[in-house]
Chemist: 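Take this structure, written in structure tokens, and hold onto it; I'll ask about it next.
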Amino acid sequence: MAAKGNPGDNITLFIVVGLCCFFYLLGAWQRSGFGKGDSIAQEVTKSADCTVLSNLNVESHHGNGVKKTDDLRSKIKVFRPCDDRFKLHCLIPAPKGYVTPFPWPKSCGFIPFANAPYKSLTVEKAIQNWIQYEGDVFRFPGGGAQFPHGADAYIDPLAFVIPINNGMVRTALDTGCAVASWGAYLFKKNVIAMSFAPRDSHEAQVQFALERGVPTIIGVLGTIKLPYPSRAFDMAHCSRYLIPWGGNSGKYMMEVDRVLRPGGYWVLSGPPINWRANYKSWQRPKDELENEQRNIEETAKLLCWEKKYEKGETAIWRKRVNKSYCQEHHSCVTMCKSKIADDVWYKEMEACVTPYPETDDNDDVLGGELKPFPETLKDVTPRITSDSVPGISVELFLEDNKLWQKHVNAYKRVNKKDH
């Protein structure tokens with residue numbers, strides 16, 4: 001006679017199946033992007049007047065042959081975008097459902113869900129406090145892969161080594177920025193960070209950063225040089241991002257060296273720094289991590305960087321102020337042959353070191369020393385005064401500076417009226 005089934009087993013099976021269905025539907029909802037913000041966006045779209053530029057023609061005008069140069073010149077007109085006649089045409093229509101972003105500094109911590117309706121990071125990076133979904137907004141607690149307790153708690157110790165608080169560090173480059181909390185929180189210290197990250201499985205991370213008001217572009221360290229001139233940044237940073245710094249014959253560190261100003265700092269957090277204490281938590285082989293850190297240290301030595309700090313999972317190097325501080329530098333590495341270090345647009349990265357400009361004195365900062373912020377705002381940079389930029393004189397620089405002051409003041413007036 002067959003034994004009767006246990007009723008408890010059926011109840012357990014029913015609960016398991018029910019939970020599986022629930023989490024499947026929850027996952028599908030998370031990926032769909034549908035939520036409270038969508039209904040808000042739909043209502044905004046219905047009530048918004050999107051007909052201002054209804055006659056805008058975006059088709060190509062190169063269809064039936066190329067016009068002669070003389071014909072084109074006869075039709076050239078000077079376009080002044082701030083002229084009263086063109087005010088409406090200065091505006092780019094917002095996408096459907098897009099709502100007015102929060103003003104800074106609120107945008108540092110909150111953005112409307114409708115403007116970037118992607119929830120995957122709220123689940124994937126929940127433990128690291130990147131981003132949280134709350135009703136019709138996303139909230140950014142300031143966390144990151146290397147600083148789950150907030151960017152402030154991560155940045156403050158850096159200031160004991162790097163002069164972040166006195167205006168000497170004004171520009172920073174964040175490689176692999178995620179949602180750019182590091183750059184967002186540096187604004188408090190009057191440091192402007194330029195961030196970049198790829199468009200990968202972490203969808204919309206760059207869009208989140210832009211919505212917050214942090215300068216960000218989609219980009220990677222790959223085969224092409226970064227689109228910035230040499231000696232452009234006071235500090236560069238990488239936090240637990242999968243860039244093979246010790247590989248590719250040191251190309252990526254050499255590119256960082258190119259864009260760093262003399263005396264600039266490079267901050268690297270996460271693997272493989274201090275691997276002996278961390279290899280178990282990283283769940284990676286000791287020999288692999290040891291080799292990575294050895295390659296990084298050797299490349300830093302070739303670049304003549306001075307290691308200033310290593311604690312926990314963070315290390316900081318400093319670039320020398322001129323070549324006299326590292327006489328053996330030129331005998332150990334391949335120097336870049338290009339005479340124009342700023343000619344980088346769509347140029348391939350090379351395993352070579354950008355030469356140091358000449359200095360008159362062993363203690364001089366190569367390329368000239370910048371004044372601290374905010375003095376540097378009104379000062380003509382050494383790059384201009386030394387005639388290092390072809391075609392740009394001190395007079396042209398000052399004229400251009402006045403022009404942009406005028407434009408910025410105009411933008412401020414318009415925005416003040418709109419708000």
Side-chain angles (χ1 to χ4, degrees), residues 124-125 127-130 141-165 169 172-183 185-186 189 191 193 195 197 202 220-221 233-257 259-260 263-320 326:
E124 293 175 22
K125 299 297 180 181
I127 196 171
Q128 294 175 0
N129 266 335
W130 281 24
Q146 199 62 28
F147 39 94
H149 302 297
D152 280 337
Y154 174 77
I155 291 170
D156 288 342
L158 301 182
F160 287 106
V161 183
I162 304 170
I164 297 174
N165 295 320
V169 171
L173 179 67
D174 192 11
T175 55
C177 65
V179 294
S181 287
W182 187 75
Y185 280 76
L186 277 176
K189 299 184 179 294
V191 177
S195 307
H202 300 160
V220 294
L221 273 172
F233 297 97
D234 300 306
M235 173 171 56
H237 171 262
C238 181
S239 170
R240 206 179 181 90
Y241 199 71
L242 302 178
I243 296 174
W245 293 109
N248 297 300
S249 304
K251 282 183 182 180
Y252 300 150
M253 290 178 66
M254 291 174 183
E255 182 64 359
V256 169
D257 181 76
V259 299
L260 270 183
Y265 295 85
W266 184 52
V267 182
L268 179 62
S269 296
I273 300 302
N274 201 2
W275 61 270
R276 289 181 179 85
N278 300 301
Y279 74 92
K280 288 184 179 178
S281 62
W282 293 335
Q283 298 181 345
R284 289 182 56 188
K286 288 192 290 184
D287 55 345
E288 180 182 284
L289 290 164
E290 181 181 14
N291 186 56
E292 279 186 28
Q293 180 149 359
R294 185 192 306 113
N295 289 341
I296 289 172
E297 301 280 4
E298 289 176 354
T299 303
K301 188 176 180 180
L302 286 175
L303 293 169
C304 213
W305 292 355
E306 180 186 5
K307 194 170 190 180
K308 305 292 289 186
Y309 174 90
E310 182 175 328
K311 186 177 180 181
E313 298 180 14
T314 301
I316 301 174
W317 285 265
R318 190 184 186 206
K319 181 177 177 177
R320 303 288 187 169
C326 196

Chemist: State the CD-NZ distance between Glu255 and Lys251, to the nearest 0.5 angstrom.
Modeler: 11.0 Å
Chemist: Between Lys189 and Asp156, does a side-chain contact (heavy atoms from CB on, under 4.5 Å) hold up when you go through it step by step?
Modeler: CA-CA 10 Å; Lys189 299 184 179 294; Asp156 288 342; 3.6 Å; yes
Chemist: Any heavy-atom pair between the side chains of Phe147 and Ser181 that's under 4.5 Å?
Modeler: yes
Chemist: What's the separation between atom CD in Glu306 and atom OH in Tyr265, rounded to the nearest 0.5 Å?
Modeler: 9.0 Å
Chemist: With a 4.5 Å heavy-atom cut-off, do Trp182 and Val267 have their side chains touching?
Modeler: no
Chemist: Between Thr314 and Tyr154, is there a side-chain heavy-atom distance shorter than 4.5 Å?
Modeler: yes
Chemist: What's the spacing between Ile162 CD1 and His237 NE2 if we round to 0.5 Å?
Modeler: 9.0 Å
Chemist: When rounded to the nearest 0.5 angstrom, what is the spacing between CH2 in Trp317 and CH2 in Trp305?
Modeler: 8.0 Å
Chemist: For a quick test of reading the model, state the closest non-hydrogen atom pair linking Pro157 to Asp152 and the distance between them.
Modeler: CD-O, 4.5 Å
Chemist: Tell me whether Gln293 contacts the main-chain N or O of Asn274 through its side chain, where contact means a donor paired with an acceptor under 3.5 Å.
Modeler: yes
Chemist: Please name the pair of heavy atoms, one in Ala236 and one in Val256, separated by the smallest distance, quoted to 0.1 Å.
Modeler: CB-CG1, 3.9 Å
Chemist: Quick one: closest heavy-atom pair of Val191 and Ile164, and the distance?
Modeler: CG2-CG2, 3.9 Å
Chemist: If I take atom CD from residue Glu313 and atom CZ from residue Arg240, how far apart are they, to the nearest 0.5 angstrom?
Modeler: 5.5 Å
Chemist: Looking only at non-hydrogen atoms, find the nearest pair between Asn278 and Gly312 and report the distance.
Modeler: ND2-O, 3.8 Å
Chemist: Just checking, any donor-acceptor pair under 3.5 angstrom between side chains of Thr175 and Tyr252?
Modeler: no
Chemist: So, for Ala178 and Trp130, which heavy atoms are closest and what is the spacing to 0.1 Å?
Modeler: CB-CH2, 3.3 Å
Chemist: So if I apply the side-chain contact (heavy atoms from CB on, under 4.5 Å) rule between Trp266 and each of Arg318, Lys319, Met253, Met235, which one comes out positive?
Modeler: Met253
Chemist: Answer yes or no: is there an ion pair linking Arg294 with Asp287, defined by an N-O contact shorter than 4.0 Å?
Modeler: no
Chemist: For the NZ atom on Lys311, are there more than 12 heavy atoms of other groups (residues, nucleotides or ligands in this structure) within a distance under 6.0 Å?
Modeler: no
Chemist: Which value, rounded to the nearest 0.5 Å, describes the distance between Leu302 atom CG and Ser249 atom OG?
Modeler: 11.0 Å
Chemist: Which heavy atom of Leu289 sits nearest a heavy atom of Pro271, and at what distance?
Modeler: CD2-CB, 4.2 Å
